[in-house]
Amino acid sequence: MINVENITKTYKSGDVEVEALKQVSLTIKQGEIVVLLGPSGSGKSTLLNVLSGLDTIEQGEVEINNQPISKMNQSEKTKFRRENLGFIFQQYNLLQSLTVLENIEIGAQLSSDPYNIQDVMDIVGITEHQSKFPYQLSGGEQQRVSIARAIVKKPNILFCDEPTGALDEATSINVLELIQQLNTSFNTTIVLITHNISIAEIADKVITLNSGKIVKVEAQTRKKASLINWG
Ligand code: ADP
């Protein structure tokens, strides 16, 4: 469960201040798929960074599973993030000099009780590529590796920042199907950023941001990724 109470985040550069989040409150339940939707600059990445403890806030509170992440010191936060949170980004952030298997091993080493690496590679469908280097893989395959690296340590919550932003439509659907499958299999909470309204259909809850504020929270019946309408 993620609980956010009345948070405000201001970026200062020189004399200029940008209020990236203005009095934002929300709750996300364990096992929910939540999409953060909104135009560029609306505060989605800032909210994700604050939820995951990457960024500090001036006001308000963020609790994850009753732990006050916004009040932890740096080392407490690092430990908490390592044990509980997984991340996937638009750019896959794989280590180019390591093989697929070695990249996933790095994720596994972050946990005292990781999943079996072979099982995870089977689930995400990259077992046959395990000895290859990232540059030898397609974008979709690289994203599968980054998903494997994120989930092998059994995160409670998976934060996904435009995970299909660099992929074509068919591959995007594939990756979103995988994310839904992980959610169903492991009850992992998913918080996914997108500016693509079609992708919002995979969620149980859609939170729309504009100019640093939540302008809409909609609960809905999630659609299978394979059935979403790309228009
Ligand atoms: P989104 O993810 O919806 O595109 P962001 O959270 O990245 O939006 O940005 C929200 C606002 O905060 C924007 O006005 C952006 O320019 C500003 N912002 C984001 N990060 C920084 C930063 N590190 N320094 C200054 N301003 C920032």
Side-chain angles (χ1 to χ4, degrees), residues 2-28 32-64 69-74 77-78 80-81 85-93 139 142-143 146-147 150 155 157-169 172 175-176 179 188-220 225 228 230-231:
I2 303 176
N3 199 16
V4 172
E5 293 274 355
N6 209 16
I7 55 172
T8 297
K9 170 76 192 172
T10 310
Y11 289 111
K12 296 186 183 74
S13 46
D15 291 343
V16 185
E17 287 197 358
V18 178
E19 258 199 320
L21 294 175
K22 301 167 190 163
Q23 295 178 323
V24 166
S25 298
L26 58 93
T27 55
I28 296 173
E32 259 188 327
I33 298 184
V34 173
V35 160
L36 304 179
L37 193 66
S40 178
S42 57
K44 304 182 298 295
S45 300
T46 305
L47 180 55
L48 199 88
N49 290 344
V50 167
L51 291 181
S52 61
L54 259 185
D55 238 340
T56 55
I57 45 179
E58 299 86 58
Q59 210 189 86
E61 201 170 332
V62 180
E63 275 188 0
I64 298 182
I69 187 159
S70 55
K71 291 186 178 149
M72 291 178 187
N73 66 33
Q74 201 53 51
K77 241 190 243 180
T78 304
F80 182 84
R81 286 162 51 85
L85 312 181
F87 295 88
I88 322 174
F89 304 95
Q90 177 171 343
Q91 298 307 332
Y92 324 114
N93 294 353
Q142 289 189 61
Q143 193 58 300
S146 88
I147 292 171
I157 305 166
L158 186 59
F159 291 104
C160 313
D161 193 349
E162 297 273 7
T164 59
L167 302 174
D168 62 48
E169 185 180 319
S172 295
V175 164
L176 295 171
I179 290 172
T188 315
T189 306
I190 309 286
V191 183
L192 186 147
I193 286 184
T194 185
H195 60 266
N196 181 343
I197 196 158
S198 310
I199 291 178
E201 296 185 43
I202 71 158
D204 303 308
K205 194 193 275 178
V206 183
I207 297 176
T208 307
L209 288 120
N210 206 348
S211 302
K213 284 192 169 163
I214 291 180
V215 290
K216 204 166 22 165
V217 179
E218 282 169 296
Q220 62 182 23
I228 65 179
W230 286 72

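Every value quoted in this text rests on a predicted model; they were computed, and no experiment measured them. Just so you know, ligand 1 is whichever comes first in the structure, and atom 1 is the first atom listed for that ligand. Start at 1 with the first residue, then count along the sequence.
Under a 4.0 angstrom heavy-atom cut-off, Gly38 registers as lying outside contact with ligand 1. Close to ligand 1: Pro39, with a non-hydrogen atom less than 4.0 angstrom away.
Distance from atom 13 (C) of ligand 1 to its nearest protein heavy atom, with residue and atom name: Gly41 O, 3.8 Å. Taking atom 19 (C) of ligand 1 as the reference point, the nearest protein heavy-atom neighbour is Tyr11 CE1, 3.3 Å. Regarding atom 8 (O) of ligand 1, its nearest protein heavy-atom neighbour is Gly43 N, 3.1 Å. The protein non-hydrogen atom at the shortest distance from atom 9 (O) of ligand 1 is Thr46 OG1, 3.9 Å. Atom 7 (O) of ligand 1 has Ser45 CB, 3.8 Å as its closest protein atom, hydrogens excluded (heavy atom only).
No donor-acceptor pair under 3.5 Å is formed between the side chain of Gln143 and the backbone N or O of Thr164. The main-chain N or O of Asn6 is found under 3.5 Å from a side-chain atom of Ser25 such that the two form a donor-acceptor pair. Between the Lys44 side chain and the Leu209 main chain, no donor and acceptor come within less than 3.5 Å of each other. Side-chain N or O atoms of Asp204 include one that pairs as donor or acceptor with a backbone N or O of Ile33 at under 3.5 Å.
Closest approach of Pro155 to Gly86, counting heavy atoms only: CB-N, 3.5 Å. Taking every heavy atom of both residues into account, Tyr92 and Ala166 meet most closely at OH-CB, 3.8 Å.
Of the polar atoms of Ser13, none of the N or O atoms is found under 3.5 Å from an N or O of ligand 1, judged by distance alone. Taking only nitrogen or oxygen atoms, main chain and side chain alike, Val18 does not reach within less than 3.5 Å of ligand 1. Considering backbone and side-chain atoms alike, Ala20 places every N or O at 3.5 Å or more from each N or O of ligand 1.
Counted by atom type alone, Asn196 and Ser198 present one or more donor-acceptor pairs between their side chains at under 3.5 Å.
Within the 4.0 angstrom cut-off, atom 26 (N) of ligand 1 has one or more protein heavy-atom neighbours. Within a 4.0 Å radius of atom 22 (C) of ligand 1, the protein has at least one heavy atom.
Of all atoms in ligand 1, listed by their number and element, those nearer than 4.0 Å to a heavy atom of Ser42 are 1 (P), 3 (O), 8 (O). Listed by number with element, the atoms of ligand 1 under 4.0 angstrom from any heavy atom of Lys44 are 1 (P), 2 (O), 3 (O), 4 (O), 6 (O), 8 (O).
Atom-to-atom distance recorded for Gln23:CD and Lys9:NZ is 16.0 Å, nearest 0.5 angstrom.
In this structure, the side chains of Val34 and Ile2 stay at 4.5 Å or more apart for every pair of heavy atoms.
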